[in-house]
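To keep things clear, I will list the structure first and then write my remarks on it.
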Amino acid sequence: MTLPFSRAFAIGTSIISVTLLVLIFAFALPKFGWDIDGVLRLTMAEHCVEGICERSTLPSVGARNFSDGIIAETYRFEIPDVSGEVTGVLLPRLSDLAQVRVAGIAISPVPTPDARRWNAPFFLTFPNVLLDGRRDLEITLMAGRGSRISLSPILVGSVASLEFHYQAVAIYRVGLARIAFGLTVIAIFVFSVMALLQRRERFYRWLLIANLAQLVFLWHIMMRFDPIDTQSWLLIWVSALHIHVFAMHRFVSGYLNIKTRKLGYLVLSVQALCIFLIWCHNPNWEPWLIGIMAVCSLILYIHTLSFWLLPSRRLVRLRIALFGLMSISAAGVIAEALRQIGWLVPYDREVYHLATAPIFLLYLVMMIHHLLSAQAANRRLVRDLRGRIKARMRELKETHEKLSLVVEQEAVSQERQRIMMDLHDGVGGQLVNTLAYVNGHPQQDPVLQDALAGALRDLGLMVDSLQMTGSVVQLLGALRRRIEPMLETAGMKFDWQIGEEPQLPTPGMMKNLTLLRLVQEAITNAVRHANATTVKVTTTQDKVIISDDGTGFDVALSAGRSGIGILSMRKRADELGAELYITSGPKGTSVTLIWG
């Protein structure tokens, strides 16, 4: 499965999906403040601003205060006749500070300048004086710099009737924010550990920065007091929102290996300039600067959102799921901004929590995917390691067997060498003495002399094979030196055509001796049976040829008789891993030993 979207189409799809979600948030979500049995919902009030009073319909939303002072407005209500039971009043939404009086008696504490209730409902009980016929309710609202005065329809009724509604609103607005705050703290800890452990994966650092910015955002929703002065805190809060967008942009681009930095840093630079100008306390510029920052973050977020839809064959389902979660979050932020300016989204729609919940779900999905990917990679690594271990074990076993065989062969070879040296020093000396005795005896025996001379030659060949293990040519030279007297005695001569150095398939001391035995047998047969005058020995890299100019013999007939000489030569050829070819005719015989 492959995502077929181009960059332009991905951006267009992102804009359309976010727009549709904003419309759903504006018109399909429920709102707090519905009718409750036994509770009066007051929507008409006398609204007084700087001494000028007029009838107003709630919800009432004033302009944002960009001055350094505190502005105040008063709302007066006439409470209809109620039963004699103790009653209360619930203000589901107000901003920013409130002073409530009933029959001229203050039933709420005097608000402090650094306190605010813009996100929390306000629930108060009426005093008994209400039962004496005084039914006027006065609410004075105040707002500092950066805030606005606003009031939703208020609810009046019994405490029992209002309690559940108050708790529901408080849980939704403040309780969920506290839960999100706690989850953000946990996420900060987790991503801090991941950033330390996975230092090559830089996108974990951006996730950590995004969560730190989100922590500031949630603090403002959750707490009723600013940690520092209001002006500085509001600038930090606004900056945190835009830093969160930038950090998410860097995280997504890093996670998907998309090289894009210019737009993100350009947006961040413009927003930093706007923050600086706001800090300079220019009330006329402040609304425009805040709007510019919001538009820049919106562009960057839509651009980031489109990354999930770029052409790719990797993690297609996961990318679509994360695109959906980020779309919901973006739509929640935009809907909240539209609600604040009073356009499209009704003021009493509760949508800003929808901006944080999908982000946590996105983190959860990513962590699960990361763990599953790590687990799968670990399984693949284990399989690969097991395969390598098995292969190494096989190699070690084969090597051990080869080494054992080499050690065994070396031990056998050393023992053979010792035996041959003993034969040379012991039996060889005795043969020499015996031959000297026979040659010096008056009654000489030619058969005995030939046998003793052959035994000495054989013993010499064995010793030569032990002493000359490196070169076949040298071994053949030693063989010539030992056999040439026999040829001279028979009236024959050698024709040596030694060319390239023969390279046996498996060289070694015993292989050399086997080769010498085979060549000796071929030469001996020529001397005894061929009536030849010349024996020719030719070598190449992969063959040895022994030929003569004798009368020849019938190879087929000789093979049928199973002659010991030819059989021994074929057996030795097999031991060398070579092929033996014998041809014979009136012009002589040729014995070819070939390998490779």
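Between M393 and K397 the shortest side-chain heavy-atom distance does not fall below 4.5 Å. The closest side-chain heavy-atom distance from L310 to I258 is below 4.5 Å. By the 4.5 Å heavy-atom criterion applied to side chains, H165 and L162 are not counted as neighbours. W308 places none of its side-chain heavy atoms less than 4.5 Å from the side chain of I320. Two residues are said to be in side-chain contact when any heavy atoms from C-beta on lie closer than 4.5 Å; I188 and L208 meet this criterion. Contact of the D136 side chain with the E138 side chain is not registered, since no non-hydrogen atoms from C-beta on lie closer than 4.5 Å. Side-chain contact check for S60 versus S150: every heavy-atom pair is 4.5 Å or farther apart. Between L196 and Y204, the closest side-chain pair of non-hydrogen atoms is not below 4.5 Å.
Expressed to the nearest 0.5 Å, how far CG of L256 lies from CZ of F307 amounts to 8.5 Å. Considering NE2 of H242 and CD1 of I275, their distance stands at 6.5 Å, rounded to 0.5 Å. Remark: L91 CG to R93 CZ distance equals 12.0 Å, nearest 0.5 Å. Distance check, rounded to the nearest 0.5 Å: CD1 of I302 to CD1 of I334 gives 5.5 Å. In this structure, CZ in F217 is found 5.5 Å from CG in L241, a value given to the nearest 0.5 Å. The OG atom of S327 sits 10.5 Å away from the CG atom of L322 when rounded to the nearest 0.5 Å.
In plain terms, the two heavy atoms of P109 and Q99 that are nearest each other are O-OE1, 3.9 Å. Here the shortest heavy-atom pairing between V174 and A120 reads CG2-CB, 4.0 Å. Summarising the geometry of S108 relative to L124, their closest heavy-atom pair is CB-CD1, 3.8 Å, with the distance given to 0.1 Å. Considering every non-hydrogen atom in both H47 and S56, the closest pair reads CB-CB, 3.6 Å. Across L218 and F181, no two heavy atoms sit closer than the pair CD1-N, 3.6 Å. In terms of heavy-atom proximity, A213 sits nearest to I243 at CB-CG2, 4.3 Å.
Dense packing is recorded around CH2 of W233, with more than 12 heavy atoms of other residues, nucleotides or ligands lying under 6.0 Å away. Within 6.0 Å of CD1 in I52 there are 12 or fewer heavy atoms belonging to other residues, nucleotides or ligands. Around the CZ atom of R55, the shell of radius 6.0 Å holds more than 12 heavy atoms that belong to other residues, nucleotides or ligands. Taking a 6.0 Å sphere around CD of E395, one finds it holds more than 12 heavy atoms contributed by other residues, nucleotides or ligands.
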### Message
Checking L58 against L42 for the side-chain contact (heavy atoms from CB on, under 4.5 Å) test, could you report, in this order, the C-alpha distance in whole Å, the side-chain angles of both residues, the deciding distance, and whether it holds?
### Response
CA-CA 8 Å; L58 302 183; L42 304 182; 5.9 Å; no
### Task
Could you walk me through whether F360 and T184 pass the side-chain contact (heavy atoms from CB on, under 4.5 Å) test, one step at a time?
CA-CA 8 Å; F360 284 116; T184 303; 2.9 Å; yes
### Message
Test side-chain contact (heavy atoms from CB on, under 4.5 Å) on F251 and I209; report intermediate values, then the result.
### Response
CA-CA 10 Å; F251 154 67; I209 295 173; over 6 Å; no
### Task
Apply side-chain contact (heavy atoms from CB on, under 4.5 Å) to the pair R319 and L309, showing each step before the final yes or no.
CA-CA 7 Å; R319 289 159 69 106; L309 299 180; over 6 Å; no
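Between Y265 and F246, the ring centre distance stays below 6.0 Å.
A salt bridge links R388 with D384: the distance from a Lys NZ or Arg NE/NH1/NH2 to an Asp or Glu carboxylate oxygen falls below 4.0 Å.
No donor-acceptor pair closer than 3.5 Å links the side chain of S297 to the backbone N or O of A294. Between the side chain of E73 and the backbone N or O of L141, no donor-acceptor pair lies under 3.5 Å. Under the 3.5 Å distance criterion, the side-chain polar atoms of T43 are left unmatched by any main-chain donor or acceptor of P153.
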